[in-house]
Q: 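Provided herewith is a single structure, encoded as structure tokens, for subsequent inquiry.
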2 protein chains.
Amino acid sequence: MTAVKKASTIQENKQIALDLCPVTYVMEKIGGYWKPIILYHLSKQSKRYSEVKRAIPAITEKVLIQHLKQLEEDGLVIRESKPVVPPFVTYSLSTAGKGLIPVINAMAKWAIKERQGAFM
Amino acid sequence: MTAVKKASTIQENKQIALDLCPVTYVMEKIGGYWKPIILYHLSKQSKRYSEVKRAIPAITEKVLIQHLKQLEEDGLVIRESKPVVPPFVTYSLSTAGKGLIPVINAMAKWAIKERQGAFM
DNA sequence: ACAAGTACTTACCCTAAAGTATGTATTATG
DNA sequence: CATAATACATACTTTAGGGTAAGTACTTGT
């Protein structure tokens, strides 16, 4: 009889990790591929929905709006709509969202350096 | 007959986005949930495989090693193994990987502030 | 002889995320 | 009356990532 490998209780561990690791906490909010990219474009200036869309041609509308909603729920972006037609909706960074600008800028800086071969 | 909505050629767009948006470039390297967390733990000091594992109990071995390999391929971490038994493998940040420390630190800083309610 | 520790690997499954393709409300304009 | 523009919504499919569980090689310790 071989010993049974103890199953790691991943779900419990995740809660603990959230409390202990600050980066894990951030990943819960802006983890994934698209969110930092969206935040990057909003960091330069608030934008209408269609402007964000044009700024990120590689994203589909479904995914874009989905992330915008989540970012809004998480208190990182603010949605403002004017009751006109055609609709006029603006997205901007909240205070918490603006707090992420150093993160985004650090990323951009690294990318530029990397592509210049600064780390080789 | 209704006009057919022109399908967006997402794949081509992605290449363009990569060239134009620095954050997109970063996301191609460290996008996803786990990579920044791994880099965070390596940023404090190089670690043996088992140490990384213990530092991130919420990750499974499969996913951990998978990401370590990718990070190595992308030139962000360095793997060094001593030909002894039991195996002794150390992971550390490369120069490019170290270049990401400001990003990681900015994240950690934001997380701490957020949880203190600094953005409310 | 068998367990224990290290650094993996592999096969299989499952779900969440992403992509495709369309539809909708409203109003101004030709 | 059809069209265009904006900001979405939604049904459906596909894919990639992640999770589970187990196996492997080699040696030291009991």
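Below, chain A is the first sequence line, B the second, and so on; all start at residue 1. All values reported here derive from a predicted model rather than from experimental measurement.
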Q: Rounded to the nearest angstrom, tell me the gap between atom OH in B:Y33 and atom C1' in C:dA17.
A: 16 Å

Q: Consider the side chain of A:E61, meaning its heavy atoms from C-beta on, and name the nucleotide among D:dA5, D:dC8, C:dA7 that approaches it most closely.
A: D:dC8

Q: Checking A:K47 against A:Y91: charged group under 6.0 Å from the ring centre and within 45 degrees of the axis?
A: no

Q: Can you figure out which of C:dA7, D:dA7, C:dG19 approaches the side chain of B:P87 most closely?
A: C:dA7

Q: Starting the side chain at C-beta, find the nucleotide from C:dC8, C:dG19, C:dA7 nearest to B:R79.
A: C:dC8

Q: Rounded off to whole Å, could you give me the CD-to-C1' distance for the A:Q66 and D:dT10 pair?
A: 12 Å

Q: Return the nearest nucleotide to the side chain of A:V89; candidates are D:dC8, D:dT6, D:dA11.
A: D:dC8

Q: Distance check needed: C:dT20 C1' versus A:I59 CD1, whole Å only.
A: 15 Å

Q: When you measure from the side chain of B:W110 to the backbone of B:N105, do you find a donor-acceptor pair of N or O atoms at a distance under 3.5 Å?
A: no

Q: For A:K53, which contact category applies under a 4.0 Å heavy-atom criterion: base, sugar-phosphate, or nothing?
A: nothing

Q: Please confirm whether the backbone N or O of A:L76 pairs with a side-chain atom of A:S94, one donor and one acceptor, at under 3.5 Å?
A: yes

Q: Between D:dG18, D:dT10, C:dT26, which one does the side chain of A:K62 approach most closely?
A: D:dT10

Q: NA contact type, A:K69, heavy-atom cut-off 4.0 Å: base, sugar-phosphate, or nothing?
A: sugar-phosphate

Q: How many whole angstroms separate atom CG of B:L68 from atom P of D:dG18?
A: 13 Å

Q: Write down the distance between NZ (A:K47) and P (D:dA7), rounded to a whole number of angstrom.
A: 14 Å

Q: Side chain of B:I65 only, please: which of C:dT20, C:dC8, D:dT6 is the nearest?
A: C:dC8

Q: Is the number of heavy atoms from other residues, nucleotides or ligands within 6.0 Å of NZ (B:K44) greater than 12?
A: yes

Q: Is the shortest side-chain N/O distance from B:Y91 to OP1 or OP2 of C:dC8 below 4.0 Å?
A: yes

Q: Would you mind telling me which of C:dG5, C:dA18, D:dG19 lies closest to the side-chain atoms of B:P86?
A: C:dG5

Q: When you measure from the side chain of B:E51 to the backbone N and O of B:R48, does any donor-acceptor pair fall under 3.5 Å?
A: yes

Q: When you get a sec, tell me which of C:dT26, D:dG19, C:dA7 is the closest nucleotide to the side chain of A:V85?
A: C:dT26

